[in-house]
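Data first, discussion second: the structure below is written as structure tokens.
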Amino acid sequence: MNWVLLIIGGFFEVGFASCLGKAKETTGTASALWMGGFFVCLAISMFLLYKATQTLPIGTAYAVWTGIGAVGTVLVGIFIFKEPADFWRVFFVTTLIASIIGLKFVSN
């Protein structure tokens with residue numbers, strides 16, 4: 001169950017990074033709403049990371065949490081914010097995914 005919480009927390013990390021990106025692109029009320037989304041996603045993400053680390057090793061949990069956030073944020077950047085998807089960027093995101101999966105398999 002804690003792995004599920006950790007994965008959901010990683011998705012909320014993608015959410016807070018994406019909200020930050022949208023807040024940067026907007027002004028006024030829209031920017032304030034995106035910043036509100038940022039803080040809500042941040043709080044949920046941190047809480048789920050905290051809950052997951054009650055039974056998972058902190059080093060593994062934190063690495064997986066940040067890895068999910070990093071991969072997800074890169075994918076959101078490519079598909080939503082139209083950032084470049086060149087060979088090396090995709091290659092290193094793929095190696096990051098392989099590392100996250102590897103950590104899951106070698107952890108309790």
Side-chain angles (χ1 to χ4, degrees):
M1 181 61 180
N2 286 308
W3 281 103
V4 172
L5 293 178
L6 187 63
I7 291 168
I8 294 169
F11 289 144
F12 275 99
E13 185 182 2
V14 174
F16 78 70
S18 300
C19 286
L20 198 57
K22 289 299 282 183
K24 181 180 75 169
E25 292 180 350
T26 58
T27 59
T29 304
S31 183
L33 290 173
W34 283 111
M35 284 305 296
F38 164 80
F39 286 116
V40 168
C41 288
L42 177 66
I44 293 170
S45 182
M46 291 292 174
F47 176 74
L48 292 173
L49 174 63
Y50 161 74
K51 292 300 286 181
T53 58
Q54 290 179 335
T55 58
L56 299 174
I58 186 68
T60 300
Y62 184 72
V64 169
W65 178 77
T66 57
I68 291 169
V71 168
T73 303
V74 168
L75 293 176
V76 166
I78 290 169
F79 292 112
I80 304 297
F81 295 112
K82 306 300 182 211
E83 294 176 357
D86 61 19
F87 171 80
W88 288 112
R89 194 166 194 206
V90 173
F91 172 77
F92 286 117
V93 166
T94 304
T95 61
L96 185 55
I97 293 168
S99 297
I100 293 167
I101 293 168
L103 279 173
K104 164 65 173 102
F105 283 116
V106 299
S107 298
N108 332 7

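- Trp88 places a side-chain heavy atom less than 4.5 Å from the side chain of Phe92.
- Separating the CD1 atom in Ile100 from the CG atom in Leu103 is a distance of 8.0 Å, to the nearest 0.5 Å.
- Within the 4.5 Å cutoff, the side chain of Leu6 has heavy atoms near those of the Leu49 side chain.
- For the pair Tyr62 and Thr53, the minimum side-chain heavy-atom distance is 4.5 Å or more.
- Heavy atoms from other residues, nucleotides or ligands lying under 6.0 Å from CZ of Phe81 number more than 12.
- Distance CZ/Phe39 to CE/Met35: 4.0 Å, rounded to 0.5 Å.
- Residues Arg89 and Ile78 are in side-chain contact: their nearest non-hydrogen atoms beyond the backbone lie under 4.5 Å apart.
- Taking a 6.0 Å sphere around CZ of Phe87, one finds it holds more than 12 heavy atoms contributed by other residues, nucleotides or ligands.
- A pairwise comparison of heavy atoms in Thr73 and Gly69 identifies OG1-O, 2.6 Å as the closest pair.
- Side-chain contact between Lys24 and Leu20: absent, with no pair of heavy atoms (C-beta onward) separated by less than 4.5 Å.
- For the atom pair Ile7 CD1 and Asn2 CG, the distance stands at 11.0 Å (nearest 0.5 Å).
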Would you give me the side-chain donor-acceptor pairs under 3.5 Å for residues 26-33, sequence neighbours excluded?
| residue | atom | partner | partner atom | Å |
| --- | --- | --- | --- | --- |
| Thr26 | OG1 | Lys22 | O | 3.2 |
| Thr26 | OG1 | Ala23 | O | 3.4 |
| Thr26 | OG1 | Ser31 | N | 3.3 |
| Ser31 | OG | Ala23 | O | 3.2 |

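- Of all heavy-atom pairs between Leu56 and Ala61, the closest is CB-CB, 4.3 Å.
- Classification of the Trp65-Phe16 ring pair by plane angle, with boundaries at 30° and 60°, yields tilted.
- The shortest heavy-atom contact between Leu5 and Leu48 is O-CB, 3.6 Å.
- For the atom pair Thr55 OG1 and Trp3 CH2, the distance stands at 9.5 Å (nearest 0.5 Å).
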